[in-house]
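Structure record follows, encoded as structure tokens.
Quick note on labels: first sequence line is chain A, next is B, and so on, each numbered from 1. These numbers come from the heavy atoms of this one structure, side chains and all, not from hydrogens, waters or symmetry mates.
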Amino acid sequence: MPSTIRVRAVAKDDTVEVQSLIQHPMDSGFIKDAKGEFIPAHHIEVVTFEHAGKVVFTAFWGPAVSKDPYVKFSFKGAKKGDLLKISWVDNFGEKDSLEANIL
Amino acid sequence: MSQETKGASGDKSVERRQVLKSLGLAGIAGLGFAGGFSLPALAADAPGWPQEAFKEKSEADALKALYGKTAEVSDKITLDLPEIAENGAVVPVSLATSLPDVTSLSILVPENPFTIAASYKIAEGTLPAVSCRIKMAKTSKVVAIVESAGKLYSTSKEVKVTLGGCGG
């Protein structure tokens, strides 16, 4: 199964810009299905971005983050070819992670 | 449908429709399984996720639960949002600040069912800026919170929402 995570991390000068897109329904718990029953809230709670064993960025998300969430940030101290590890876990305990090379 | 099938058998066809409908839903659920999603076991929340704070329904309570302090307005925060969001399900937000020693950035939508939309932990060496996409139930101000050198700062911007993004 392909990863739910897509990431693009590009080093420029001393800064790495990270853009990531995660495939996830991010159900808010306020939307009804075809039978008129509420679809239970199902959303990512924590996403961590790690470089060289150090967490550089952590996202805490609630049900108000859009479906297939996108996030962009930048950090210093990494170079082209380094690995960036992205991991997420949701409120059902589902999780995924991915390691990607910094371009 | 002929005249004869009406009446008793008419009810049956309603039943049949119901059964087909639920079968259809089961099919969709089956696809979910194939896609690698499992049924929700009663899982504990992810470690570190500020569960209580994400339940809060007002700006003041949310800040208290998340940071244990109040914020003062700052002009050193830039908050980029559309003035009008036609689709409340996807509202792009960008937040950045020139304040020093930033450890946390948060995005709050006071008119949403739960106030906190997202909160980010900024490590040393990570720039105090983030872009993401949030849902908005209706027209609301959006509040950006920055934790800088242990203090909280905020700025806010009103977004008109044409079509709410939380259902209902």
Open item on the list: Need one label for B:Val93: side chain, backbone, both or neither, based on atoms under 4.5 Å from any heavy atom in chain A.
Closed with: neither

Segment of [X] engaging chain B (4.5 angstrom heavy-atom cut-off):
X	result
A:Thr15	side chain
A:Lys54	side chain
A:Val55	backbone
A:His51	neither

So does [X] have more than 12 non-hydrogen atoms from other groups sitting under 6.0 Å from [atom1]?
X	atom1	answer
B:Lys151	NZ	no
A:Glu99	CD	yes
B:Lys69	NZ	yes
B:Glu158	CD	yes

Open item on the list: I want to check something: taking the side chain as every heavy atom from C-beta on, are B:Ile116 and A:Phe60 in contact at a cut-off of under 4.5 Å?
Closed with: no

Could you state the interatomic distance from [atom1] ([X]) to [atom2] ([Y]), rounded to the nearest 0.5 Å?
X	Y	atom1	atom2	answer
B:Trp49	A:Trp61	CH2	CH2	13.0 Å
A:Phe30	B:Asn112	CZ	CG	8.5 Å
B:Lys121	A:Thr48	NZ	OG1	10.0 Å

When you measure from the side chain of [X] to the backbone N and O of [Y], does any donor-acceptor pair fall under 3.5 Å?
X	Y	answer
A:Thr58	B:Tyr120	no
B:Lys135	A:Met26	yes
B:Thr126	A:Phe75	no

Open item on the list: Quick check for you: among B:Ala118, B:Ala117, B:Ser119, which has the greatest number of heavy-atom pairs under 4.5 Å with chain A?
Closed with: B:Ser119

Task: B:Arg133 to A:Asp68 - nearest heavy-atom pair and separation - done: NH2-O, 3.3 Å

Pick from [options]: which one has the most heavy-atom pairs with chain B under 4.5 Å?
options	result
A:Ser74, A:Gly77, A:Pro40	A:Ser74
A:Phe49, A:Phe73, A:Tyr70	A:Tyr70
A:Val16, A:Val46, A:Ile44, A:Ile39	A:Val46

